[in-house]
Engineer: 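Pasting a structure here, questions to come.
Throughout, a chain's letter reflects where its sequence line sits, starting with A, and its residues are numbered from 1.
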Number of protein chains: 2
Amino acid sequence: MEKKNPDLCKVDNTLHILIGKWKPLIIMHLMFGGTKRFSDLQRALTGITTKTLTTQLRELEEQEIILRVVYPVVPPRVEYSITEYGMTLQPVLHLMHEWGNAHLERQLNKDQSTFNNNQ
Amino acid sequence: MEKKNPDLCKVDNTLHILIGKWKPLIIMHLMFGGTKRFSDLQRALTGITTKTLTTQLRELEEQEIILRVVYPVVPPRVEYSITEYGMTLQPVLHLMHEWGNAHLERQLNKDQSTFNNNQ
DNA sequence: CAGAATCCCTCGTGATACTG
DNA sequence: CAGTATCACGAGGGATTCTG
């Protein structure tokens, strides 16, 4: 019973956190796969470069979605994990996942009917 | 009870629709404000250029989130409205709005405590 | 009125090489 | 191992001008 005024739209605040080619995947990995090291993540996200992984992780850390823990050992050991606050994103991501999945199937059906029409 | 595998993450499908500097606002305007003409939207979205508005509208139309109706009159009259399918985004946007709003307040509180600590 | 056309510039991401 | 440092490039969006 509010939000009549689109100028008060706060969707962009959430979008800003999620925008980044690998961010949703990173969050999902830490959210469901638990704590992971830098190299674990890089292995999981096939194709990502160290530079890009670093910046995406730093941005998520800055937003307090993930936690970065550095162990002062040689060789270096850095562990990333989801924060309690980051976990609050779960319902949002879940819904986006559901809608995205439905959207994908819709696209496939459309292609299918196009295919049939062209027979 | 599924979605254990982040590789199956479909969040990006939803993100893809929403990404675009003005898209959430455009959707909200049509979703809650009803049918609008091109110039109405341009007036509502202060700062957007005709070029950008055009491309964002075309992309949303291509995804069938909005409908574009051209009336063959002089001067031209084009009306944009949300589709039934576009309306299915409402729960998603609502949740993103809620989370974004909470996130914003969290940021403000953080700044506030920083302010206090610096006193 | 509702764009189309053009030019321009920033930003995100990738490729590659190097380091404590 | 976990990055940092450079270079490069394509895409998204803005400014401006023009048109049926």
Engineer: How many angstroms lie between NE2 in B:His103 and NE2 in A:His16, if you round to the nearest 0.5 Å?
Structural biologist: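 Reported value, rounded in 0.5 Å steps: 8.0 Å.
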Engineer: Nearest-Å distance, CD (A:Gln42) to P (C:dG14)?
Structural biologist: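 Interatomic distance, CD of A:Gln42 to P of C:dG14: 12 Å.
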Engineer: Taking the side chain of B:Thr50 as heavy atoms from C-beta outward, which of C:dA4, C:dA2, D:dT4 is closest to it?
Structural biologist: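 Closest of the options to the side chain of B:Thr50: C:dA4.
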Engineer: Atom NZ of B:Lys21 and atom C1' of C:dT10: how far apart are they, to the nearest Å?
Structural biologist: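 Between C1' of C:dT10 and NZ of B:Lys21: 11 Å.
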Engineer: D:dG13 phosphate, OP1 or OP2: any side-chain N/O from B:Gln56 under 4.0 angstrom?
Structural biologist: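 Answer yes for this pair, as a side-chain N or O of B:Gln56 is under 4.0 Å from OP1 or OP2.
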Engineer: Answer yes or no: does a side-chain N or O of A:Arg58 lie under 4.0 Å from OP1 or OP2 of D:dT4?
Structural biologist: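 For A:Arg58, the contact criterion (side-chain N or O under 4.0 Å from OP1 or OP2 of D:dT4) is met.
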Engineer: Taking CZ from A:Phe38 and C1' from D:dA2, how many angstroms apart are they, rounded to a whole number?
Structural biologist: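 Result: 6 Å.
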Engineer: Is B:Arg37 close enough to C:dA2 that one of its side-chain N or O atoms is under 4.0 Å from OP1 or OP2 there?
Structural biologist: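 For C:dA2, OP1 or OP2 has a side-chain N or O of B:Arg37 closer than 4.0 Å.
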Engineer: More 5' along DNA chain D: A:Lys51 or B:Lys23, using each one's nearest nucleotide?
Structural biologist: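 Of the two residues, A:Lys51 wins.
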Engineer: Measure from the side-chain heavy atoms of A:Trp22 and tell me the nearest of C:dG14, D:dG14, D:dC1.
Structural biologist: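 Looking only at heavy atoms from C-beta outward on A:Trp22, the closest nucleotide is C:dG14.
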Engineer: Less than 4.0 angstrom between a side-chain N/O of B:Arg68 and OP1 or OP2 of C:dA2, yes or no?
Structural biologist: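 For B:Arg68, the contact criterion (side-chain N or O under 4.0 Å from OP1 or OP2 of C:dA2) is not met.
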Engineer: Can you give me the closest heavy-atom contact between B:Ile26 and B:Leu45, atom names plus distance?
Structural biologist: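 The pair with the smallest heavy-atom distance is CG1-CD1, 3.5 Å.
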Engineer: Please evaluate residues A:Arg37 and A:Tyr80 with respect to the criterion side chain to side chain contact (heavy atoms under 4.5 Å, CB included), reporting the C-alpha separation (whole Å), side-chain torsions for both, the decisive distance (0.1 Å), and the verdict.
Structural biologist: CA-CA 6 Å; A:Arg37 299 180 61 171; A:Tyr80 294 91; over 6 Å; no
Engineer: When we call it a touch if two heavy atoms are under 4.0 Å apart, what does B:Thr54 touch: a base, just sugar-phosphate, or nothing?
Structural biologist: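 Counting heavy atoms under 4.0 Å across all strands, the contact made by B:Thr54 is with sugar-phosphate only.
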Engineer: Counting just side-chain N and O atoms, does B:Ser39 come under 4.0 Å of either OP1 or OP2 of C:dA2?
Structural biologist: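 B:Ser39 to C:dA2 OP1/OP2: side-chain N or O found under 4.0 Å.
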Engineer: Can you measure A:Asp40 atom CG to D:dA2 atom P for me and round it to whole angstrom units?
Structural biologist: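 Nearest whole value for this atom pair: 8 Å.
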Engineer: Let's see if you can work this out: which of D:dA2, C:dG3, D:dG20 has an atom nearest to the side-chain heavy atoms of A:Pro76?
Structural biologist: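 Out of D:dA2, C:dG3, D:dG20, the nucleotide with an atom closest to A:Pro76's side chain is D:dA2.
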Engineer: Please report, rounded to the nearest Å, how far the C1' atom of C:dG12 is from the CG atom of B:Asp12.
Structural biologist: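 Spelled out: CG on B:Asp12 to C1' on C:dG12 is 15 Å.
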Engineer: A:Leu53 CG to C:dG12 P: how many Å, rounded?
Structural biologist: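 Answer to the nearest Å: 17 Å.
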Engineer: Rounded to the nearest 0.5 Å, how far does CG of A:Asn101 lie from CZ of A:Arg106?
Structural biologist: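 Reported value, rounded in 0.5 Å steps: 14.5 Å.
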Engineer: What is the distance from CG of A:Leu60 to P of C:dG12, rounded to the nearest Å?
Structural biologist: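 Taking atom P of C:dG12 as the reference, CG of A:Leu60 is at 14 Å.
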Engineer: To the nearest 0.5 Å, how far apart are CD in B:Glu64 and OG1 in B:Thr83?
Structural biologist: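 It comes to 7.5 Å.
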Engineer: Where each residue is assigned the nucleotide of DNA chain C containing its nearest heavy atom, which of A:Thr52 and A:Pro75 is assigned the position nearer the 5′ end?
Structural biologist: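 Looking at DNA chain C, the more 5' nearest nucleotide goes with A:Thr52.
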Engineer: I want to check one thing: is the phosphate of D:dG3, taken as OP1 and OP2, less than 4.0 Å away from some side-chain N or O of A:Tyr80?
Structural biologist: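 Checking D:dG3 against A:Tyr80, a side-chain N or O does come within under 4.0 Å of OP1 or OP2.
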Engineer: Using whole Å, report how far CD1 of A:Ile17 lies from C1' of C:dG12.
Structural biologist: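 It is 17 Å, rounded to the nearest whole Å.
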